[in-house]
Amino acid sequence: MNTKGNYDSPLKATLKGITDLYRKKSNSLDLPKDIDLKAKTVLITGSSAGLGFAAALRIAKAGAKLIMAVRSGIPEKGEEIKKITGNANVSMYPVDLLDFESIKGLVKKLKEDEIVVDILISNAAMVPLKSRKTPQGLEEMFMVNYLAPFYLINQLIEHQIVKQEHSKIVIVSSESHRNPKEFDWENFGRYHDYGIGETVARYGYFKLLLTTFANELSRRLASQKRQIPIRVLCPGPVNSNIAREAPGWMQPLLKGVFSLFFRSPEKASDPILYFVSESDHENTPIDYLFLMQKKPMDDKATDETNGKKLWEFSEKLIQSLDYS
Ligand SMILES: NC(=O)c1ccc[n+]([C@@H]2O[C@H](COP(=O)([O-])OP(=O)(O)OC[C@H]3O[C@@H](n4cnc5c(N)ncnc54)[C@H](OP(=O)(O)O)[C@@H]3O)[C@@H](O)[C@H]2O)c1
């Protein structure tokens with residue numbers, strides 16, 4: 001993979017995260033003192049752990065009707081949030097983003113339950129040790145970190161589970177989306193064998209796909225006169241369990257560095273809370289936050305030709321698997 005070299009290995013990615021975090025920041029945004037989400041229904045994926053769980057807890061504390069779309073932690077993680085926040089309006093929906101069948105099942109269940117979501121947060125992602133196949137024969141990280149959000153978000157809009165008006169879509173990406181030098185269109189969606197040496201570079205590549213999708217989605221919604229602001233963010237380095245698959249010998253080192261230098265999931269969820277609580281008047285079609293600073297996304301991600309091509313390739317791939 002042709003990259004700029006900043007996120008090519010776990011070590012380089014960790015060092016980049018630390019330098020970004022401690023670089024002097026200007027124009028950092030503040031969160032409102034009191035966040036009131038009583039009128040909102042918020043759905044968040046990957047809220048069983050890490051950043052997603054921390055954000056879910058804060059969102060429930062702010063009074064929202066919270067929907068946790070998760071693969072694990074049912075029911076204990078939801079019960080924990082109810083107990084801590086006193087908000088009983090927390091429900092859990094199982095979904096495994098590795099599997100189209102499971103995503104279809106989630107959409108069907110939300111529809112049956114007549115759920116209408118005001119704020120959708122696409123947060124779940126993985127960093128595997130090596131490539132593995134999904135039930136539909138795709139590569140796991142490509143599916144969970146890119147194609148599943150593409151499919152799920154589109155399905156939720158199509159089935160009008162995400163409201164057409166006064167709703168918002170928040171997508172958790174990463175600064176590593178800037179690392180790839182180019183798109184690999186020739187091998188789009190093709191299963192590729194890789195090991196730990198390539199994992200971090202591929203993670204950045206799938207975040208580039210995700211960020212490019214976010215921009216194309218925003219353009220398509222605008223052309224259909226649908227007002228759904230798209231918000232993309234990088235939380236900065238988070239002391240979460242994202243490196244859970246790292247080899248055993250690396251674990252103590254990563255755990256030490258993560259707990260010493262990285263931000264707690266609660267603090268790291270500030271940009272999510274910022275976008276969730278942002279007033280409805282802030283209706284710019286798309287915005288990006290790195291930590292609490294607004295920043296342009298990488299040019300490759302905002303490029304219209306790339307966005308169009310990505311959308312077409314993704315649709316074609318999903319059609320070829322009979323899941324359109
Ligand atoms: N950690 C960082 O330094 C960092 C930096 C920049 C961006 N981010 C982004 O922040 C987001 C949250 O990551 P995190 O650090 O909180 O990692 P984490 O602690 O590993 O949490 C990841 C969440 O995603 C869920 N998930 C993974 N695979 C799934 C699947 N197949 N189906 C359904 N859910 C699945 C996990 O559920 P299970 O517990 O069931 O696996 C978990 O709830 C990700 O988008 C990540 O790319 C993280």
Side-chain angles (χ1 to χ4, degrees), residues 6-7 10 12-18 20-21 43-57 68-74 76-78 80-81 92-103 105-106 121-129 132-136 138-149 151-152 170-179 199-200 202-211 214 232-246 254-255 257-259 261-272 288-291:
N6 287 332
Y7 296 87
K12 280 187 181 177
T14 306
L15 289 175
K16 179 81 175 88
I18 294 172
D20 280 347
L21 196 53
L43 184 150
I44 175 164
T45 67
S47 41
S48 57
L51 184 71
F53 179 77
L57 187 68
M68 301 167 75
V70 289
R71 170 172 68 171
S72 61
I74 303 173
E76 61 277 10
K77 286 292 172 181
E80 192 179 333
I81 291 186
M92 302 187 88
Y93 284 75
V95 64
D96 186 347
L97 297 169
L98 285 170
D99 188 352
F100 279 102
E101 279 306 313
S102 179
I103 302 173
L106 168 68
I121 307 169
S122 176
N123 161 76
M126 67 182 304
V127 181
L129 184 58
R132 291 184 293 253
K133 276 194 179 157
T134 69
Q136 286 81 33
L138 298 171
E139 193 279 306
E140 281 194 0
M141 185 162 51
F142 169 73
M143 178 67 185
V144 174
N145 294 13
Y146 169 63
L147 201 62
Y151 182 67
L152 176 61
V170 179
I171 296 178
V172 181
S173 182
S174 159
E175 274 290 280
S176 65
H177 82 273
R178 301 180 197 280
N179 197 39
T199 290
V200 179
R202 296 190 75 77
Y203 171 85
Y205 182 60
F206 300 139
K207 289 295 190 187
L208 171 64
L209 298 186
L210 184 70
T211 310
V232 189
L233 65 98
C234 171
V238 192
N239 182 14
S240 70
N241 207 11
I242 194 145
R244 64 181 97 170
E245 288 196 40
L254 287 176
K255 280 208 171 90
V257 172
F258 275 35
S259 60
F261 298 108
F262 284 18
R263 300 203 305 168
S264 68
E266 187 191 358
K267 182 73 193 142
S269 67
D270 276 0
I272 299 184
Y288 178 74
L289 268 185
F290 167 46
L291 300 166

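Numbering of ligands and ligand atoms starts at 1, following listing order.
- For A268 against R263, the heavy-atom pair with the smallest separation is CA-NH2, 3.5 Å.
- In this structure A124 satisfies the side chain to side chain contact (heavy atoms under 4.5 Å, CB included) test together with T45, L97, sequence neighbours excluded.
- Looking at heavy atoms from C-beta onward, Y146 lies out of side-chain contact with E139 at the 4.5 angstrom threshold.
- The side chain to side chain contact (heavy atoms under 4.5 Å, CB included) test applied to K12 returns D8, S9, not counting sequence neighbours.
- In this view, R132 and M126, P128, E140, E245 satisfy the side chain to side chain contact (heavy atoms under 4.5 Å, CB included) rule, not counting sequence neighbours.
- Judged by distance alone, the side chain of D96 and the main-chain N or O of S102 form no donor-acceptor pair under 3.5 Å.
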Which protein N or O atoms sit under 3.5 Å from any N or O of ligand 1? Give atom names and distances.
| residue | atom | partner | partner atom | Å |
| --- | --- | --- | --- | --- |
| ligand 1 | 1 (N) | S240 | OG | 3.3 |
| ligand 1 | 3 (O) | V238 | N | 2.8 |
| ligand 1 | 15 (O) | S240 | OG | 2.5 |
| ligand 1 | 16 (O) | L51 | N | 2.8 |
| ligand 1 | 19 (O) | N241 | N | 3.4 |
| ligand 1 | 20 (O) | R244 | NH2 | 2.8 |
| ligand 1 | 28 (N) | R71 | NH2 | 3.4 |
| ligand 1 | 31 (N) | R71 | NH1 | 3.4 |
| ligand 1 | 31 (N) | D96 | OD1 | 2.9 |
| ligand 1 | 32 (N) | L97 | N | 2.8 |
| ligand 1 | 37 (O) | S48 | OG | 3.3 |
| ligand 1 | 39 (O) | S48 | OG | 3.2 |
| ligand 1 | 39 (O) | S72 | OG | 3.3 |
| ligand 1 | 40 (O) | R71 | NE | 3.2 |
| ligand 1 | 40 (O) | S72 | OG | 2.7 |
| ligand 1 | 41 (O) | R71 | NH2 | 2.6 |
| ligand 1 | 41 (O) | R244 | NH1 | 3.0 |
| ligand 1 | 43 (O) | G46 | O | 3.1 |
| ligand 1 | 43 (O) | S48 | OG | 2.7 |
| ligand 1 | 45 (O) | N123 | O | 2.7 |
| ligand 1 | 45 (O) | K207 | NZ | 3.0 |
| ligand 1 | 47 (O) | Y203 | OH | 2.4 |
| ligand 1 | 47 (O) | K207 | NZ | 2.9 |

